[in-house]
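Quick note: numbers below take in every heavy atom, side chains included, and nothing from hydrogens, waters or symmetry partners. These numbers come from a predicted model, not from an experiment.
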Amino acid sequence: MQIEWTKVWAVVITGLVVVFLALVLLIIFVTLFGKIFQSSSKKSNDKKNSTPPAPQKPAPVEVNTTKETVASESEDDNIIAVISAAVAMMAAKDGKNYAVKSIKRAINKSRSSRSVWGAAGQRENTRPF
């Protein structure tokens, strides 16, 4: 049994056209869904951010210096400023006044080789869907 070359080329060309047409349709489909979800997330973010938080006075900060602290004084000041800013943002969001009374390093006893931020990142990236 011998097949004519015209039929072979017709099948090959038809197959290629169908495959690439399906790929183009999938690309259009995914792009449209991306734009739909992006616009809906922008609308929800705009609704959430429509009311600006009232300015709050900075929270007082007391620092307990312990032997666990290994950072220099400038790094300590930066860390205290960041923690105080986070507490102030939480206070502005809740409408309450919070005060930072002490700051000390957390010790991760289960995994001493990994920092708290590293452990949080690992939990976030390995949690089940």
Side-chain angles (χ1 to χ4, degrees):
M1 176 167 156
Q2 196 166 9
I3 301 174
E4 295 178 26
W5 282 103
T6 55
K7 289 185 180 180
V8 170
W9 286 112
V11 170
V12 168
I13 291 173
T14 303
L16 288 173
V17 168
V18 168
V19 167
F20 283 106
L21 185 64
L23 287 174
V24 168
L25 290 175
L26 280 173
I27 290 170
I28 293 170
F29 182 74
V30 169
T31 305
L32 288 176
F33 265 104
K35 289 183 180 184
I36 290 170
F37 286 120
Q38 189 176 23
S39 65
S40 67
S41 67
K42 281 184 183 178
K43 288 178 184 176
S44 65
N45 285 341
D46 290 342
K47 289 179 184 177
K48 289 179 185 176
N49 295 333
S50 63
T51 326
Q56 295 286 329
K57 61 181 180 177
V61 177
E62 295 178 20
V63 179
N64 289 341
T65 56
T66 62
K67 62 182 178 182
E68 298 171 2
T69 307
V70 293
S72 68
E73 290 295 320
S74 64
E75 289 177 346
D76 286 345
D77 292 340
N78 290 340
I79 292 170
I80 292 168
V82 169
I83 292 172
S84 299
V87 169
M89 290 302 294
M90 284 183 3
K93 188 175 181 181
D94 293 340
K96 298 179 181 178
N97 289 329
Y98 295 115
V100 177
K101 294 188 177 184
S102 68
I103 298 173
K104 54 186 173 178
R105 184 177 298 272
I107 299 173
N108 190 355
K109 293 180 181 176
S110 63
R111 292 191 179 227
S112 61
S113 64
R114 183 166 290 146
S115 70
V116 176
W117 291 107
Q122 181 191 22
R123 278 193 306 274
E124 178 68 26
N125 290 328
T126 58
R127 69 181 171 153
F129 296 103

In this structure, would [X] and [Y] fall into the same cluster of hydrophobic residues linked by side-chain contacts under 4.5 Å?
X	Y	result
V12	V19	yes
V18	W9	no
I3	W5	yes

Query - L26 CG to L21 CG distance, which is reported to the nearest 0.5 Å - result: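 Answer rounded to 0.5 Å: 10.0 Å.
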Query raised in the report: Which pair of non-hydrogen atoms, one from S39 and one from I36, has the smallest distance, and what is that distance?
Result: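 Looks like OG-O, 2.9 Å.
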Query raised in the report: Considering all heavy atoms of both residues, which atom of T126 and which atom of Q122 are nearest to each other, and what is their separation?
Result: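 In terms of heavy atoms, the two residues are closest at OG1-O, 2.6 Å.
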Query raised in the report: Should the heavy atoms of other residues, nucleotides or ligands under 6.0 Å from CG of L25 be counted, would the total exceed 12?
Result: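 Count over threshold, so yes.
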Query raised in the report: For the side-chain contact (heavy atoms from CB on, under 4.5 Å) test, which of L16, V11, V17 pairs with I13?
Result: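 Of the listed residues L16, V11, V17, the side-chain contact (heavy atoms from CB on, under 4.5 Å) partner of I13 is V17.
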